[in-house]
Amino acid sequence: MTQKLILPGLIDPHVHLRDPGQTQKEDFYTGTCAALAGGFTTILDMPNNLTPITTAERLDEKIKIAKGKIVCDVGFHFGSMGDNVDEFKEVGQKVIGLKLYLSLTTGGFVIPKGKVEKVFRVWSKRKVILLHAEDDTLDFAINLAKEHRNKIHICHISTASDLKQIIKAKEEGLRITCGVTPHHLFLTDQDVKRLGPFGKMKPKLTSKKDQAFLWKNLKFIDVVESDHAPHTKEEKESNNPPFGVPGLETTLPLLLTAVSEKRLTIDDIIRLCHTNPAKIFGINRFNDLNHQSRVEVDLSQEYTIENKNLFTKCEWSPFEGFKVKGKVLRVFIRGKKVFENGKILAKAGFGQIIKPD
Ligand code: DOR
Ligand code: ZN
């Protein structure tokens, strides 16, 4: 018995498509194919390319490359190491948010602490600052946002203590939102031994206790973001493996499986993967114009996640072997069928570049 359901086109506000610079890991075509296969019609790409996107010129170049390759809709976040505030005005019309790395991760693209305040002062108060901030850097960021009244989004929260800090800030009335990744919801530090370098990412996998706290307090979490961070198998198996795991194709099946286990509702998925990301990142107008974007899923279909079926160029998933219940059947963007029965139907360049509202 099939059990079909139609969801609005999902939005992933946090992916790393690696193009330009590291297209051996992923590129705009393969990354957006992975998005469609996973039920995402809109994704927002991060700026930590090999040469980070910290100037208007690099942003324009990236957008130009994307235009010819994307099969779903794509928006961009800008980056900063604290020395490019003069560029903010020009890029404001083109980017969705500003991403700052306050804690160490892939690429070592970390903004010196002393330069963060200036960025908070200059970046538009109407647009989001996305933060990779853990522990004490989270505290630091929250205090700055309090002082300068910025709109901040804390990416990929993973621990009970970080979520507690965010809940407190929300209760104090700060303009703060947060996201959680599927790997922090469905894997723990107990999986690290089995996965080896394929289970290494930032923030790292946490304890069952931390994970249980995230599930229990899901109502305080605003979005699910995959943090799709592909690296080749060779890179992962090297002496110095980079951090990150791909996620675009597995997020929705994992969430639907949680629905079948009654740990989540369909309304939660719509809130976390559609309504809230559109609202938080200011892409409502674009979204309304594109109300014909939708995803058809079969809630009853069970299958096993297998590397060989993935569209991501890196060809692996930390969830390989997972049995899931809930399959993406078809995807439509602006009324056009772009994915069906495991096949991409859209031509490279079909996707649109998203401008902020
Ligand atoms: O694990 C991660 N990988 N975390 C990040 O914050 C960055 C990402 C990447 O770009 O590979
Ligand atoms: Zn990331």
Side-chain angles (χ1 to χ4, degrees), residues 11-28 30-31 34-35 40 43-54 62 74-81 96-111 128-135 137-138 141 152-159 162 178-187 189 191-192 195-206 223-236 238 240-248 250-251 277 281 312-314 316-319:
I11 302 169
D12 189 336
H14 186 156
V15 305
H16 301 264
L17 297 196
R18 314 296 193 200
D19 199 351
Q22 293 175 311
T23 51
Q24 80 281 9
K25 300 175 196 270
E26 194 79 287
D27 63 48
F28 279 122
T30 56
F40 289 88
I43 57 179
L44 305 180
D45 188 42
M46 286 294 172
N48 66 331
N49 290 70
L50 188 61
T51 307
I53 310 303
T54 51
K62 187 175 183 178
V74 180
F76 299 95
H77 297 306
F78 199 53
S80 181
M81 295 282 276
I96 309 299
L98 177 73
K99 173 73 182 280
L100 299 181
Y101 293 86
L102 303 189
S103 308
L104 187 63
T105 186
T106 304
F109 178 46
V110 179
I111 179 168
V128 183
I129 298 179
L130 299 97
L131 294 155
H132 183 147
E134 302 177 45
D135 307 326
T137 63
L138 175 58
I152 58 170
H153 175 80
I154 312 301
C155 298
H156 41 50
I157 45 141
S158 60
T159 62
D162 282 1
C178 65
V180 67
T181 70
H183 42 274
H184 292 111
L185 287 178
F186 295 96
L187 298 171
D189 53 9
D191 294 292
V192 177
L195 291 167
F198 298 96
K200 295 234 162 87
M201 75 295 285
K202 291 276 189 181
K204 65 178 189 230
L205 293 174
T206 55
V223 306
V224 167
E225 51 195 43
S226 72
D227 197 8
H228 179 81
H231 297 285
T232 66
K233 289 179 193 163
E234 292 72 28
E235 291 162 339
K236 279 296 214 182
S238 71
N240 191 15
F243 300 110
V245 296
L248 272 168
T250 45
T251 304
F281 297 99
T312 177
K313 202 185 264 186
C314 74
W316 62 272
S317 162
F319 299 106

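Order of appearance sets the numbers: ligands from 1, and atoms from 1 within every ligand.
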(request) Kindly say whether Leu17 contributes a backbone atom to a donor-acceptor pair with the side chain of His228 at under 3.5 angstrom? (result) no
(request) Check whether any side-chain N or O of His16 sits under 3.5 Å from a backbone N or O of Met46 as a donor-acceptor pair, and report yes or no. (result) no
(message) Does either side chain, that of Asp227 or that of Thr181, offer a donor lying less than 3.5 Å from an acceptor on the other one?
(response) no
(message) Can you see whether Thr206 engages Ser158 through a side-chain donor-acceptor pair at a distance of less than 3.5 angstrom?
(response) no
(request) Please state whether the separation between the Zn ion (ligand 2) and some N/O/S atom of His16 is under 2.8 Å? (result) yes
(message) Would you say the Zn ion (ligand 2) has His14 as a near neighbour, meaning an N/O/S atom of that residue under 2.8 Å away?
(response) yes
(message) If you apply the rule side chain to side chain contact (heavy atoms under 4.5 Å, CB included), what do you find for His153 with Glu225, and how did you get there?
(response) CA-CA 11 Å; His153 175 80; Glu225 51 195 43; 2.8 Å; yes
(request) For the Zn ion (ligand 2), find the closest N/O/S atom belonging to Asp227 and write down its atom name. (result) OD1
Filter the ligand 1-protein atom pairs down to N or O on both sides and distance under 3.5 Å, then list them.
{"unit_1": "ligand 1", "atom_1": "1 (O)", "unit_2": "Lys202", "atom_2": "N", "d": "2.8"}
{"unit_1": "ligand 1", "atom_1": "1 (O)", "unit_2": "Gly244", "atom_2": "N", "d": "3.2"}
{"unit_1": "ligand 1", "atom_1": "3 (N)", "unit_2": "Phe243", "atom_2": "O", "d": "3.1"}
{"unit_1": "ligand 1", "atom_1": "4 (N)", "unit_2": "Thr105", "atom_2": "OG1", "d": "3.2"}
{"unit_1": "ligand 1", "atom_1": "4 (N)", "unit_2": "Lys202", "atom_2": "O", "d": "2.9"}
{"unit_1": "ligand 1", "atom_1": "6 (O)", "unit_2": "Thr105", "atom_2": "OG1", "d": "3.1"}
{"unit_1": "ligand 1", "atom_1": "6 (O)", "unit_2": "His132", "atom_2": "ND1", "d": "3.2"}
{"unit_1": "ligand 1", "atom_1": "10 (O)", "unit_2": "His16", "atom_2": "ND1", "d": "3.4"}
{"unit_1": "ligand 1", "atom_1": "10 (O)", "unit_2": "Arg18", "atom_2": "NH1", "d": "3.0"}
{"unit_1": "ligand 1", "atom_1": "10 (O)", "unit_2": "Asn48", "atom_2": "ND2", "d": "2.9"}
{"unit_1": "ligand 1", "atom_1": "11 (O)", "unit_2": "Arg18", "atom_2": "NH2", "d": "2.7"}
{"unit_1": "ligand 1", "atom_1": "11 (O)", "unit_2": "Thr106", "atom_2": "OG1", "d": "3.2"}
{"unit_1": "ligand 1", "atom_1": "11 (O)", "unit_2": "His231", "atom_2": "NE2", "d": "3.0"}
{"unit_1": "ligand 1", "atom_1": "11 (O)", "unit_2": "Phe243", "atom_2": "O", "d": "3.0"}

(message) Any non-hydrogen side-chain atom of Lys99 less than 4.5 Å from a side-chain atom of Cys155?
(response) yes
(message) Run the side chain to side chain donor-acceptor pair (under 3.5 Å) test on Gln24 and Glu234 for me, step by step, so that the C-alpha distance in whole Å, both residues' side-chain angles and the decisive distance to 0.1 Å come before the verdict.
(response) CA-CA 11 Å; Gln24 80 281 9; Glu234 292 72 28; over 6 Å; no
